Amino acid sequence: MSEPMPVVLPLPPGIARDQWQAWLEAVTPELISSGLGDDLPVVSEYLIRMLEFGIPEVAVGCCALLRPGIEPTLVAVYAFDDAGNPEWLAKTQVEIPGDKVLQSQDDAIDIAGLKVHRSSRIVTEESVPEEIILRGAIAVTRQIAGRTRDVSLYFMGRDIANLVAAFWPLAVFLTGELAEKLIVIGEGQ
């Protein structure tokens, strides 16, 4: 039996606190149909924390990567007008000065006719040297609302084995229609 595909759930930008519960109720059927019914209380708690965190200032949006039995992961979505250097973009997002790099990987995969660049670093941070985390980024040059742009996704977490498995579904998301919609909404186009 193959593992279920993770759910990539776009987080609504700028949603008012009094609308959080209604949004959670609206996405609950999708979460249940994706096999997350048993994890629903924990997933809901993580989604509320993600809404509290909000969207990082330079990001155009965020999404949650959700899989049964796995800690939900916050993924930041970026879109840049400069196009043509996604490999550099992915590497730049995971290379943080002060980190001690334990393992590094950079490669590319083809999805839907697009070359998706992946970069990951397993690191210990200078501020918390006893904790091992994975920083991951994927980037691609693609059309977004009629403009050629470099777009990327960035995530990090302690669940290294499971986060490595996130690259494929995130790459599929990044090259698909849902990512374009998230970017267009996030930029208010």
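Computed from a prediction, not measured in an experiment: that's the story for all the values here.
The closest side-chain heavy-atom distance from D38 to P68 is not below 4.5 Å. Looking only at side-chain heavy atoms (C-beta outward), R142 and V151 come within less than 4.5 Å of each other. Side chains of D110 and V116 form no contact here, defined as non-hydrogen atoms less than 4.5 Å apart. A heavy-atom distance below 4.5 Å is not found between the side chains of L65 and F155. Annotation: side chain of W168 is in contact with side chain of I111 (closest heavy-atom distance under 4.5 Å). Side chains of L47 and L51 form no contact here, defined as non-hydrogen atoms less than 4.5 Å apart. A 4.5 Å side-chain heavy-atom check between V8 and V75 finds every atom pair outside the cut-off. By the 4.5 Å heavy-atom criterion applied to side chains, I138 and Y154 are not counted as neighbours.
In this structure, CG on L24 lies 5.5 Å from CD on Q21, to the nearest 0.5 angstrom. Distance check, rounded to the nearest 0.5 Å: CG of L153 to SG of C63 gives 6.0 Å. In this structure, CH2 on W23 lies 9.0 Å from OG1 on T28, to the nearest 0.5 angstrom. One finds the CG atom of N162 at 3.0 Å from the CD1 atom of I70 (value rounded to the nearest 0.5 Å). I96 CD1 to M156 CE: the interatomic distance, rounded to the nearest 0.5 Å, is 8.5 Å. Here CG of L11 is found 6.5 Å from CG of L74. Values are rounded to the nearest 0.5 Å.
Counting non-hydrogen atoms of other residues, nucleotides and ligands closer than 6.0 Å to CD of E177 gives a total of 12 or fewer. Crowding of R49 atom CZ: a count of heavy atoms from other residues, nucleotides or ligands under 6.0 Å exceeding 12. Environment of CG in D106: crowded, with over 12 heavy atoms of neighbouring residues, nucleotides or ligands closer than 6.0 Å. Environment of CD in E126: sparse, with no more than 12 heavy atoms of neighbouring residues, nucleotides or ligands closer than 6.0 Å.
Under the 4.5 Å side-chain contact rule for hydrophobic residues, I109 and L134 share a cluster. Follow the hydrophobic side-chain contacts under 4.5 Å out from V58 and you reach F80 in the same cluster. Cluster membership check: V164 does not share its hydrophobic cluster with V101, using side-chain heavy-atom separations under 4.5 Å among Ile, Leu, Val, Met, Phe, Trp and Tyr. Each of V42 and L9 belongs to its own hydrophobic cluster when Ile, Leu, Val, Met, Phe, Trp and Tyr are linked at side-chain heavy-atom distances under 4.5 angstrom. No path of Ile, Leu, Val, Met, Phe, Trp and Tyr side chains, each step under 4.5 Å between heavy atoms, connects I15 with I55, placing them in separate hydrophobic clusters.
With no hydrogens or angles considered, no side-chain donor-acceptor pair links T124 and E130 at under 3.5 Å.
Taking every heavy atom of both residues into account, P86 and H117 meet most closely at CG-CD2, 3.5 Å. Shortest non-hydrogen contact noted between I185 and P13 is CG2-CG, 3.9 Å. Of all heavy-atom pairs between L89 and A139, the closest is CD2-CB, 4.0 Å. In terms of heavy-atom proximity, T141 sits nearest to L114 at O-CD2, 3.8 Å. The two residues D39 and G69 have their closest heavy-atom pair at OD2-N, 2.6 Å. Taking both residues in full, the closest heavy atoms of R67 and A165 are given as NH1-CB, 4.1 Å, listed atom of the first, atom of the second, then distance.
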*Starting from the C-alpha separation in whole Å, work towards a yes-or-no answer on side-chain contact (heavy atoms from CB on, under 4.5 Å) for S120 and V94.*
CA-CA 6 Å; S120 66; V94 297; 5.8 Å; no

*Apply salt bridge (charged side-chain N to carboxylate O under 4.0 Å, His left out) to the pair E125 and R135, showing each step before the final yes or no.*
CA-CA 11 Å; E125 294 178 305; R135 297 184 189 284; 2.8 Å; yes

*Please report the C-alpha distance between V60 and Y78 in whole Å, then the side-chain angles of each, then the deciding distance to 0.1 Å, and finally whether the side-chain contact (heavy atoms from CB on, under 4.5 Å) criterion is met.*
CA-CA 6 Å; V60 295; Y78 300 90; 5.9 Å; no

*asked:* What verdict does the side-chain contact (heavy atoms from CB on, under 4.5 Å) test give for V7 and L36, after you've listed the backbone C-alpha separation in whole Å, the side-chain angles of each residue and the deciding distance to 0.1 Å?
replied: CA-CA 9 Å; V7 177; L36 291 161; 4.1 Å; yes

*Worked verdict on S152 versus Q93 for side-chain contact (heavy atoms from CB on, under 4.5 Å)*: CA-CA 9 Å; S152 67; Q93 290 183 309; 3.1 Å; yes

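With D150 contributing its side chain and G84 its backbone, the two residues share a donor-acceptor pair below 3.5 Å. Within the 3.5 Å criterion, the main-chain N or O of V123 finds no donor-acceptor partner in the side chain of D99.
Between E87 and K115 no salt bridge is recorded (no basic side-chain N to carboxylate O distance below 4.0 Å). The pair E187-R149 counts as a salt bridge, with a side-chain nitrogen and a carboxylate oxygen less than 4.0 angstrom apart.
Shown are Q103, K91, Q105; of these, the side-chain contact (heavy atoms from CB on, under 4.5 Å) with R121 is made only by K91.
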